[in-house]
Amino acid sequence: MVRLQKMPKESDESSKQEQSKIDKDGTENSVETSEEMIRKRIRRNTPSPHRLTPQSSPPRFVSVEELMETAKGVTNMALAHEILMNSAFQVKPYEPEEGSLEKRVKEIMHKAFWDCLESQLNEDPPSYSHAITLVGEIKETLLSFLLPGQSRLRGQIKEALDLSLIQQEAENGALDISKLAQFIIDMMGTFCAPCRDEDIKHLREITDIVPLFKSIFAVLDKMKIDMANFAVSSLRPHLLQQSVEYEQKKFQEFLQKQPNALDFTKKWLQDTSDYVTGGATCTPNSAQLPLTIHNHAYLRLLKWDHDTEAFPETLLMDQGRFLEMQQELEQLALVASVLLIVYNSAGEAISGLPGLMERLKKTIKILLAEMHTSSFKADEAFAAVAEKLCVELRGCLFWHGFSPFPSDRENTLKGQILAVKSADNPIRKVIDSRIQTYLLGFLESSALRCAPALPGGLTPIGKELEEIAVKLERLVTFNKLVYSLFYHKILQDILKQGESLDV
């Protein structure tokens, strides 16, 4: 296990934060959001308003210790889940926000520490108390990098950085601090990843002791992160084997402390059951009904209103991933809709022209890249899409010897493209329905290890759609493995209640 030790120049608070902060690329927000949302569940005692809401039970008083223990378990579960599901998961060093009070305090403390060290070394004779403390910290960090079997290196470090001997040399005026620093740099060069070779080379070029020690600690910080990320990547294969059992155990412990922790999961499945059994998707007596309800339930999460609807508790740790897929699918649906309109309008004149579809597709995606931001203006964006595509078509038709579109036909095409911005647009609804059909087929055929055929009109986005389907199938499969016992009981209760209502 890798130990991320405290630097002498860090406050305890900063050190703890450094060890716990995760890169924003999907990891920090995912883990923190999951923890925060589940903690809110801990504080919430209001049952959700749906048909399977249990009778109210007497209030149960929970101690602060129980809450802290539960929160810690949830955090550990969320972190393990994130490492497993996010192949890009990485530990990153924590830095306070620019201009924040925390950053200013940190800078002041660091400056005071290094100024004090420089002042001691400039005394006559020099005082080495701060320097020896630093060497002790460096020694512990170097030892933490060693594997259990590296006894020879361990002995070298302990012998060369023997603090009692160094203290005696300092008292007798025989301490060569530069020699110690060179040994430390040599050891760092032995342990560091190849990407740190330039940093080690730079250390060898520094001659002043204080700047050298500052740089040594900066490089050691990077090496700690490197070692932590190496440990994460080494841990991932073992997590794959153990995570299902681990998450089941942790969620069961959470459920015992918070009995209503499945309320939103029950509502999610109940609403899906009402939709499936109320339509023509599946007959109520079908043996496949529980599986059909469950697969449709996962698809509903790709159409979720995250601002107003509570996400199922069993999927909170993956809410960010579902939202990301939802936004990607919404953009892909618009891309496919616009391309279908363009190709139907232009007909054989552009059919089969190499590279044209990819150019049009790239243009649409660039202009719609900000569609999920608050600053996005749909009217302007779709007008730009229509104009850009018409310019591209004009040039393409001219280049291949075809007559350009008459102005009225071009205006009609622009109008059709502009109309796609509406969620009720018939073409957009057809494309969206086909995407849902494809994803459902992917989930249903996952056991057979064969992908369903791509419905008509989706060829331009086929590659992206398959990538999302694979990601969805992986999330769903793992989620079913972890929570299958809970889902089975909930679905049984829903279907039994439905049968009793029918009678």
Side-chain angles (χ1 to χ4, degrees), residues 299 302-305 307 323-439 453-469:
L299 286 187
L302 298 174
K303 293 286 188 180
W304 205 259
D305 186 343
D307 294 328
L323 176 59
E324 181 182 343
M325 288 188 291
Q326 179 177 341
Q327 293 179 344
E328 290 176 6
L329 288 170
E330 288 172 358
Q331 187 191 64
L332 289 175
L334 291 174
V335 170
S337 300
V338 171
L339 289 175
L340 183 61
I341 291 170
V342 170
Y343 273 79
N344 282 342
S345 178
E348 295 182 0
I350 63 171
S351 179
L353 292 181
L356 176 62
M357 182 175 288
E358 282 302 316
R359 290 202 304 274
L360 298 179
K361 176 177 158 183
K362 183 179 179 180
T363 298
I364 300 168
K365 292 182 78 171
I366 290 173
L367 293 172
L368 298 182
E370 305 296 322
M371 63 177 287
H372 293 106
T373 64
S374 57
S375 60
F376 181 74
K377 297 179 180 179
D379 290 339
E380 293 180 9
F382 278 91
V385 168
E387 187 61 40
K388 290 279 188 183
L389 295 192
C390 284
V391 170
E392 183 75 32
L393 287 176
R394 270 187 238 126
C396 184
L397 291 171
F398 174 79
W399 183 258
H400 290 88
F402 291 99
S403 300
F405 284 171
S407 58
D408 57 338
R409 188 175 175 186
E410 189 172 290
N411 289 334
T412 300
L413 176 58
K414 289 181 179 179
Q416 290 176 329
I417 293 174
L418 283 168
V420 169
K421 72 177 184 289
S422 170
D424 294 326
N425 178 263
I427 295 175
R428 181 173 169 179
K429 289 174 73 173
V430 167
I431 290 294
D432 187 66
S433 175
R434 290 177 182 178
I435 289 175
Q436 295 294 309
T437 300
Y438 174 77
L439 294 175
L454 200 64
L458 302 186
T459 302
I461 60 169
K463 181 182 177 182
E464 295 92 336
L465 201 55
E466 184 176 358
E467 289 174 355
I468 293 175

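Atoms considered below: every heavy atom in the structure, side chains included; atoms not considered: hydrogens, waters and symmetry mates.
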* Listed by chain and number, what are the side-chain hydrogen bond (donor to acceptor under 3.5 Å, both in side chains) partners of D432, not counting sequence neighbours? -> K303
* Asked: Shortest non-hydrogen contact from G462 to L454?
  -> CA-CD2, 3.7 Å
* Tell me, do Q331 and E464 make a side-chain contact under 4.5 Å, heavy atoms counted? -> no
* **Closest contact, heavy atoms only, A381 versus L368** => CB-CD2, 4.3 Å
* With sequence neighbours excluded, residues passing side-chain hydrogen bond (donor to acceptor under 3.5 Å, both in side chains) with D305 -> T308
* Kindly indicate whether the side chain of L389, heavy atoms from C-beta on, has any atom under 4.5 Å from the side chain of L413. => no
* To do: Can you run down the salt bridge (charged side-chain N to carboxylate O under 4.0 Å, His left out) pairs that involve residues 323-335, sequence neighbours left out, and say none if there aren't any?
  => none
Scan the side chains in residues 332-344 for donor-acceptor partners under 3.5 Å anywhere in the protein, sequence neighbours excluded, and list what turns up.
| residue | atom | partner | partner atom | Å |
| --- | --- | --- | --- | --- |
| S337 | OG | A333 | O | 2.7 |
| Y343 | OH | M357 | N | 3.4 |
| N344 | ND2 | L340 | O | 3.3 |

* To do: State which residues pass salt bridge (charged side-chain N to carboxylate O under 4.0 Å, His left out) with E380; sequence neighbours excluded, sorted by chain then number.
  => none
* Please name all residues satisfying side chain to side chain contact (heavy atoms under 4.5 Å, CB included) with A378, sequence neighbours left out, ordered by chain then number. => F376, F382, K421
* Minimum heavy-atom distance L302-Q326, with the two atoms named -> O-CG, 3.0 Å
* Asked: Considering all heavy atoms of both residues, which atom of C390 and which atom of E410 are nearest to each other, and what is their separation?
  -> SG-CG, 3.6 Å
* To do: Taking salt bridge (charged side-chain N to carboxylate O under 4.0 Å, His left out) as the test, write out the residues that go with R409, two or more places apart.
  => none
* Not counting sequence neighbours, which residues clear side-chain hydrogen bond (donor to acceptor under 3.5 Å, both in side chains) with E392? List them please. => R359
* To do: Hey, could you give me each pair passing salt bridge (charged side-chain N to carboxylate O under 4.0 Å, His left out) that has a residue in residues 331-344? Not counting sequence neighbours.
  => none
* State which residues pass salt bridge (charged side-chain N to carboxylate O under 4.0 Å, His left out) with E387; sequence neighbours excluded, sorted by chain then number. => R394, K414
* salt bridge (charged side-chain N to carboxylate O under 4.0 Å, His left out) partners for K388, two or more places apart -> none
* To do: For A346, enumerate each residue passing the side chain to side chain contact (heavy atoms under 4.5 Å, CB included) test, keeping only those at least two apart in sequence or located in another chain.
  => I350, F405
